[in-house]
Number of protein chains: 2
Amino acid sequence: MKDKVSTAVIQRLPRYYRYLSDLLEENVERISSSDLAARMHVTASQIRQDLNTFGGFGQQGYGYHVPHLHAEIGKLLGIDQQKYLIIIGAGNLGQALANYQNFTKRGFQVKALFDIDPEVIGRTIQGAQVFPLEYLEAYLEKNAIDIATLTLPRDRAIEVAKRLCRCGIKAIWNFAHTDLQVDEDVLVENVHLSESLMQLSYRMIAARRKQKKTEETGDTGTGERSD
Amino acid sequence: MKDKVSTAVIQRLPRYYRYLSDLLEENVERISSSDLAARMHVTASQIRQDLNTFGGFGQQGYGYHVPHLHAEIGKLLGIDQQKYLIIIGAGNLGQALANYQNFTKRGFQVKALFDIDPEVIGRTIQGAQVFPLEYLEAYLEKNAIDIATLTLPRDRAIEVAKRLCRCGIKAIWNFAHTDLQVDEDVLVENVHLSESLMQLSYRMIAARRKQKKTEETGDTGTGERSD
DNA sequence: TAGATTGTTAATCGATTAACAATC
DNA sequence: TAGATTGTTAATCGATTAACAATC
């Protein structure tokens, strides 16, 4: 296995895992890089390069054994290990994540939520209780937590991130609209929903602008030939 | 403005916008690429290259006028235009998105939700009503909608995406765990939450593996010199 | 004018794709 | 063995960084 795996490859791993899960479900036993490439709309070369970052999972003349490759990528992603989460911010999004069924089958388990709103404190969501935010440190001392999810307003998120670092949390899943400043050994994975939506908005508006321009230049864009 | 803007640049635009919004709030009138670079932890060169993809927003010897640059990037992202959304799938996540306050101030407005569950049909979330999914086509005929959000199980999402394309929807914000197969003029922006979490899980496990390895080789990692 | 800082070209770096020898 | 297909090296492509002339 390579020592330094590029972000591009890591980002593609879950997608490989998803396609392999599908193949497994379809009872496909073996697949070649070119067949998988056709399904995934990528190049076979990229697939072989990506997989060889981690080891020789295939076999010349045969291809890849689906159950084996699926298991190996699963291991890389830590699917086979139990990972304990807490969610800080039990608003709509935090509660939605706590209710999310898909995490469970990939080894993620939400153990507790935290909030400052007396309205939600004490509630139980999928077996996970909502605690007052002030109990955070005490809770983390008694419970082994791998990942802390931040679903709070940005100012509070920055402050809570600091507290989490002090408690020794090494992985933060951040939904707050801000970049967190943490120690270099703390991993942060950002999900900026409004920024994702803004990217879509950009592309939509760019496409409209382009269309308008071609209309103005007389090209109807209907594919009609003028010759 | 360049004709073909790379994905890398588009992905960075909302972050620039966020930092410029902060500067605006701090009443900073002008900023140089190197000062902004220091704040954002990127290179000044990248900032200048990125911005020049769209035009010369700066001025030699002066830098960038914050309110102007903020407005220009806002225009690129379509912040100044009203964009109408629907959400298909009024489960926890769909409802959380409908409740999201941050969208409004960026010009996004949720007009309606759709579901098959009689339990949620008829409810109103932030002024948007939940309709039966079967009304989708009739609704889209009467209402101008820019973006359709998919927060449903994957099989249903694939089917609904087809229906949306037939209705002429040109932008889909997809939260379902699947790649949607749509016409080439339909834009899809994916948010795969569990894949984001799996990337974090990968990095966490890779870091632990690495740490374990250095421990085994006798390197305590405390920075102690052995010489 | 002199200093600052952009816009832009050139150099570097990294990621993707192509090619093919190794091998099942 | 012959055919298929990987693992891997080499070539290409694109994105990032550096450098500097243009100019405010």
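Note that these values count all heavy atoms, side chains included, but never hydrogens, waters or copies made by symmetry. A note on names: the letters A, B, ... follow the listed sequences, proteins ahead of strands, and every chain is numbered from 1.
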Find the partner of D:dT12: check Watson-Crick (N1-N3 plus N6-O4 or O6-N4) and G-U wobble (N1-O2, O6-N3) distances, both under 3.5 Å, and reply none if neither fits.
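D:dT12 is paired with C:dA15.
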Can you tell me the pairing partner of C:dT23 across any strand shown, Watson-Crick or G-U wobble, with both distances under 3.5 angstrom?
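Paired with D:dA4.
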At less than 4.0 Å, is any side-chain N or O atom of [X] found next to OP1 or OP2 of [N]? Yes or no.
X: B:Arg30; N: C:dA4; result: no
X: B:Ser33; N: C:dT5; result: no
X: B:Arg48; N: D:dT16; result: no
X: B:Tyr64; N: C:dG7; result: yes

Please report, rounded to the nearest Å, how far the [atom2] atom of [N] is from the [atom1] atom of [X].
X: A:Ile47; N: D:dG7; atom1: CD1; atom2: P; result: 12 Å
X: A:Asp35; N: D:dA4; atom1: CG; atom2: P; result: 13 Å
X: A:Leu69; N: D:dT6; atom1: CG; atom2: P; result: 11 Å
X: A:Met40; N: C:dT16; atom1: CE; atom2: P; result: 13 Å
X: B:His68; N: C:dT6; atom1: NE2; atom2: P; result: 15 Å
X: B:Gln11; N: D:dA15; atom1: CD; atom2: C1'; result: 13 Å
X: A:His65; N: D:dT5; atom1: NE2; atom2: P; result: 16 Å
X: B:Tyr62; N: C:dG7; atom1: OH; atom2: P; result: 13 Å

Touch check for A:Ser45, heavy atoms < 4.0 angstrom, all strands: base, sugar-phosphate only, or nothing?
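The answer is base, as A:Ser45 lies within the cut-off (heavy atoms under 4.0 Å) of a base atom.
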Using a 4.0 Å heavy-atom cut-off across all strands, classify B:Ser34 as base, sugar-phosphate, or nothing.
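Nothing, no nucleic acid heavy atom in range.
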Donor-acceptor pair (no angle test) under 3.5 Å: A:Gln49 side chain, C:dT17 base:
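It does, because a donor-acceptor pair links the side chain of A:Gln49 to the base of C:dT17 below 3.5 Å.
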Which atom names give the shortest non-hydrogen contact between A:Thr178 and A:Asn190, and what distance separates them?
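Closest approach of A:Thr178 to A:Asn190: O-OD1, 4.2 Å.
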Where does the angle between the aromatic ring planes of A:His70 and A:Tyr17 fall among parallel (under 30°), tilted (30 to 60°) and perpendicular (over 60°)?
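Because their plane-to-plane angle is under 30°, the rings of A:His70 and A:Tyr17 count as parallel.
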Nearest-nucleotide comparison on DNA chain C, the residue closer to the 5′ end among A:Gln59 and B:Asn52:
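The 5'-side residue here is B:Asn52.
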For B:Ser32 and B:Ser34, which I'm curious about, is there any donor-acceptor pair between the side chains at under 3.5 Å?
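Yes.
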Among C:dT16, D:dA15, C:dT9, which nucleotide has an atom closest to any side-chain atom of A:Gln46?
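Taking heavy atoms from C-beta onward, the closest nucleotide is C:dT16.
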In terms of side-chain heavy atoms of A:Gln60, which of C:dC24, C:dT5, C:dT8 is nearest?
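Closest nucleotide to the A:Gln60 side chain: C:dC24.
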Under the salt bridge (charged side-chain N to carboxylate O under 4.0 Å, His left out) rule, what do B:Asp146 and A:Arg208 come out as? Steps first, then yes or no, please.
CA-CA 11 Å; B:Asp146 302 295; A:Arg208 284 181 189 167; 2.7 Å; yes
Give a yes or no on whether the ring-centroid distance for B:Tyr100 and B:Phe103 is below 6.0 angstrom.
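Between B:Tyr100 and B:Phe103, the centre distance is under 6.0 Å.
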